[in-house]
Colleague: 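Shown below is the structure under consideration.
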Amino acid sequence: MKQAIRVLPVAALVLTVILSANAGRQPQNGSPEPAGSPEPYRVEQVFDSSEFKAVWVPYMDLDQAGEDGQHFGIFKKKFDAVLKNAKEAGLNTVIVHIRPFADSFYRSQYLPWSHLLTGTQGRDPGYDAMAYMVEAAHNAGLSFHAWINPLRIRSSGTPQTLASSNPHQVWRSDGDTANDRWTVELETGIYFNPCYEQVRALIIDSVREMVENYDVDAVHMDDYFYPTQDESFDRQEYDAYRASVTAGEPLSLSNWRMEQINLLVSGLYSAVKETKSSVLFGISPQANLENCQNMYADIETWCSQPGYVDYICPQLYFHFDSTVKPFVRTAQEWKTLVTCPQVKLYAGLALYKANDPEADNGLWIGQGDVIRRQLETLEQQEYDGFALYSYDYLFAQQTSAEMQQVRQCLGAVREKSPPAGVDSSPSDPV
């Protein structure tokens, strides 16, 4: 297998805004000149090649279930288009959703095959999707971060049917009532119960297995931790914990739940490092710290102490003028929070909100330069990189104005803007 390209995000962005000499006036807020200008406004910059420039590729973009045939040729064509469009956008990393529902895009002794490959969870697709994706990404000069959901088994009825080899099904049908509480069924879905050592061990072992067998550059966990604040989720386990405390005061429910997530996170980090020390482990939490606390994510510990993460990528999905979490202030808040020298700080950016009339009360409408200005802010605050959410929006008509400037910032497109009415996006996925 091709040697992995390690992304070591150590250089800051250097962004230089250049105005055309023939434009006649400076554009407002970096907006493109009106159609018909002799020399359209353009943006140039110099990026260090090692800077982290990523895009999330959600499981929906790799879903084979709706295809006429679920064979390797179709999957290959789809993923090759992902790599082509990411490269054309000037990015160097794909964060690919390979473990969304306690199932996987790779052969595992712990988890069933994903239903997204064949339409049926547990059905062998006849090829190793993960092996192809990692090798193809490296051949294209892109790093591959393997994105997992740690606790989700089913959400909003997806997948409709769980394989008999799904841990939830195994534990509920093996006749041993002692493990019936290892998963919890809510109205919203089915979830692993992280307060059990055996549950954490299964999640950790499945990741260790992946790192052993595939040349991934990083393991990436998203923002789904405890699915509810309802005390009934783990009341039985918490009551047992309180009864077991014989000296001092027991932890509050909130702190106890945070401790369970910390045990999982530190266990994942250790498993990755013990298996291949060069592989990174990162988490992308919500940028609203109150929301993180409500899901029992101990962000402060992860950002201040070694042994939890190599990078943190808060989802800074806010406009500059947001009344809830204005972008500049929120970015600085996270910059201040990361005090551990070993932890890199990236920013998740909401490309999907560009020109969306419903996003942030319409603040993103008609601007076309929000993401570019956010990149400039991140450079000023000395962030180590960024990730765009999500892949589909790299070439959507809705985001074409934003992406034109982003590509220029990343040195990925020609200098001049296309004529008015001409779509400048790269080719859609084949």
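Only this structure's heavy atoms are used, side chains among them; waters, hydrogens and symmetry mates stay out.
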Colleague: Between Arg200 and Val265 (side chain of the first, backbone of the second, donor and acceptor by atom type, cut-off under 3.5 Å), is there such a pair?
Modeller: no
Colleague: For Asn262, check side chain to side chain donor-acceptor pair (under 3.5 Å) against everything at least two apart and list the hits.
Modeller: Asp298, Trp302
Colleague: Kindly write out the residues that satisfy salt bridge (charged side-chain N to carboxylate O under 4.0 Å, His left out) with Lys335, not counting sequence neighbours, or none if the list is empty.
Modeller: none
Colleague: Any Lys/Arg nitrogen of Arg329 or Glu333 sitting under 4.0 Å from an Asp/Glu carboxylate oxygen of the other?
Modeller: no
Colleague: Is it the case that the side chains of Ser232 and Asp230 hold a donor-acceptor pair, with the cut-off being a distance below 3.5 Å and no angle test?
Modeller: yes
Colleague: Test side chain to side chain donor-acceptor pair (under 3.5 Å) on Gln260 and Tyr196; report intermediate values, then the result.
Modeller: CA-CA 8 Å; Gln260 310 316 306; Tyr196 286 97; over 6 Å; no
Colleague: Kindly determine whether Asn193 and Asp234 satisfy side chain to side chain donor-acceptor pair (under 3.5 Å), including the steps that lead there.
Modeller: CA-CA 8 Å; Asn193 191 339; Asp234 49 10; 5.8 Å; no
Colleague: Measuring from Leu62:CG to Leu117:CG, what's the distance to the nearest 0.5 Å?
Modeller: 8.5 Å
Colleague: With a cut-off of 6.0 Å (strictly less than), are more than 12 heavy atoms of other residues, nucleotides or ligands near CD of Gln198?
Modeller: yes
Colleague: Would you find a donor on one side and an acceptor on the other, under 3.5 Å apart, between the side chain of Asn166 and the backbone of Leu162?
Modeller: no
Colleague: Any donor and acceptor pair, going by atom type alone, linking the side chain of Ser270 with main-chain N or O of Gly267 inside 3.5 Å?
Modeller: no
Colleague: Applying salt bridge (charged side-chain N to carboxylate O under 4.0 Å, His left out), can you list everything that pairs with Lys273, at least two apart in sequence or on another chain?
Modeller: Asp310
Colleague: If we only count heavy atoms from C-beta on, is the Gln293 to Ile299 side-chain gap below 4.5 Å?
Modeller: no
Colleague: For Tyr352, enumerate each residue passing the side chain to side chain donor-acceptor pair (under 3.5 Å) test, keeping only those at least two apart in sequence or located in another chain.
Modeller: none
Colleague: For Thr275, check side chain to side chain contact (heavy atoms under 4.5 Å, CB included) against everything at least two apart and list the hits.
Modeller: Arg208, Val211, Glu212
Colleague: For Gln286, what residues pass the side chain to side chain contact (heavy atoms under 4.5 Å, CB included) criterion, not counting sequence neighbours?
Modeller: Asp223, Asn291, Cys292, Met295, Gln315
Colleague: Is a donor on one side and an acceptor on the other found under 3.5 Å between the side chain of Trp56 and the backbone of Leu388?
Modeller: no
Colleague: Hey, would you say the Phe281 and His145 ring centroids sit under 6.0 Å apart?
Modeller: no
Colleague: Can you tell me how the ring of Phe75 sits relative to the ring of Phe79, calling it parallel under 30°, perpendicular over 60° and tilted otherwise?
Modeller: parallel
Colleague: Got Trp256 and Leu253 here, is their nearest side-chain heavy-atom distance under 4.5 Å?
Modeller: yes
Colleague: With no hydrogens and no angle check, just 3.5 Å: does a side-chain donor-acceptor pair link Gln121 and Ser114?
Modeller: no
Colleague: Would you call Arg107 and Asp128 a salt bridge, using N to O less than 4.0 angstrom?
Modeller: no
Colleague: Does a donor on one side chain sit under 3.5 Å from an acceptor on the other, for His319 and Asn361?
Modeller: no
Colleague: Among all residues two or more places apart in sequence or in another chain, which pass the salt bridge (charged side-chain N to carboxylate O under 4.0 Å, His left out) test with Asp103?
Modeller: none
Colleague: Backbone N or O of Gly307 within a donor-acceptor pair of the Gln342 side chain at under 3.5 Å?
Modeller: no
Colleague: Who passes side chain to side chain contact (heavy atoms under 4.5 Å, CB included) against Asp239, sequence neighbours left out?
Modeller: Arg235
Colleague: Just by modelled atom types, is the Leu251 backbone N or O under 3.5 Å from a matching donor or acceptor in the Asn255 side chain?
Modeller: no
Colleague: Using a 3.5 Å distance criterion without hydrogens, assess whether the side chain of Tyr346 forms a donor-acceptor pair with backbone atoms of Gly385.
Modeller: no
Colleague: Are there more than 12 heavy atoms of other residues, nucleotides or ligands under 6.0 Å from atom OH of Tyr224?
Modeller: no
Colleague: The test is side chain to side chain donor-acceptor pair (under 3.5 Å); show your working for Thr120 and His115 and say whether it passes.
Modeller: CA-CA 4 Å; Thr120 302; His115 75 283; over 6 Å; no
Colleague: Who pairs with Tyr110 by ring-ring contact (aromatic ring centres under 6.0 Å, His included), at least two apart in sequence or on another chain?
Modeller: none
Colleague: Go through the side-chain N and O atoms of Arg373 and Gln367 and say whether any donor and acceptor fall under 3.5 Å apart.
Modeller: yes
Colleague: Are the side chains of Trp171 and Asp176 in touch, meaning some heavy atoms are under 4.5 Å apart?
Modeller: no
Colleague: Should we count CG of Asp124 as having more than 12 external heavy atoms under 6.0 Å?
Modeller: yes
Colleague: Any side-chain donor paired with an acceptor under 3.5 Å for Tyr393 and Glu402?
Modeller: no
Colleague: Is Glu300 atom CD crowded by more than 12 heavy atoms from other residues, nucleotides or ligands, each under 6.0 Å away?
Modeller: no
Colleague: Partners of Asp80 by salt bridge (charged side-chain N to carboxylate O under 4.0 Å, His left out), sequence neighbours excluded?
Modeller: Lys76
Colleague: I'd like to know if Glu290 and Lys325 make a salt bridge, using a cut-off of under 4.0 Å between side-chain N and carboxylate O.
Modeller: no
Colleague: Only counting residues at least two apart or in another chain, list the ones meeting side chain to side chain donor-acceptor pair (under 3.5 Å) with Ser155.
Modeller: none
Colleague: Tell me which one of Trp113, Phe105, Phe72, Tyr106 satisfies ring pair (Phe, Tyr, Trp, His ring centres under 6.0 Å) with Tyr127.
Modeller: Phe72
Colleague: Spell out, as yes or no, whether a donor-acceptor pair under 3.5 Å connects the side chain of Ser284 to the backbone of Cys313.
Modeller: yes
Colleague: Give the C-alpha distance, both sets of side-chain angles, the deciding distance and a yes or no for side chain to side chain donor-acceptor pair (under 3.5 Å) between His97 and Asp61.
Modeller: CA-CA 9 Å; His97 211 174; Asp61 292 317; over 6 Å; no
Colleague: Run the side chain to side chain donor-acceptor pair (under 3.5 Å) test against Thr118 and tell me which residues pass, sequence neighbours left out.
Modeller: none
Colleague: Between Arg152 (side chain only) and Pro100 (backbone N and O only), is there a donor and an acceptor less than 3.5 Å apart?
Modeller: yes
Colleague: Does the ring center of Tyr214 lie less than 6.0 Å from the ring center of Phe144?
Modeller: no
Colleague: Is it true that a side-chain atom of Arg99 and a backbone atom of Ser104 form a donor plus acceptor pair closer than 3.5 Å?
Modeller: no
Colleague: Would you tell me whether His220 and Tyr311 have side-chain atoms, one donor and one acceptor, within less than 3.5 Å of each other?
Modeller: yes
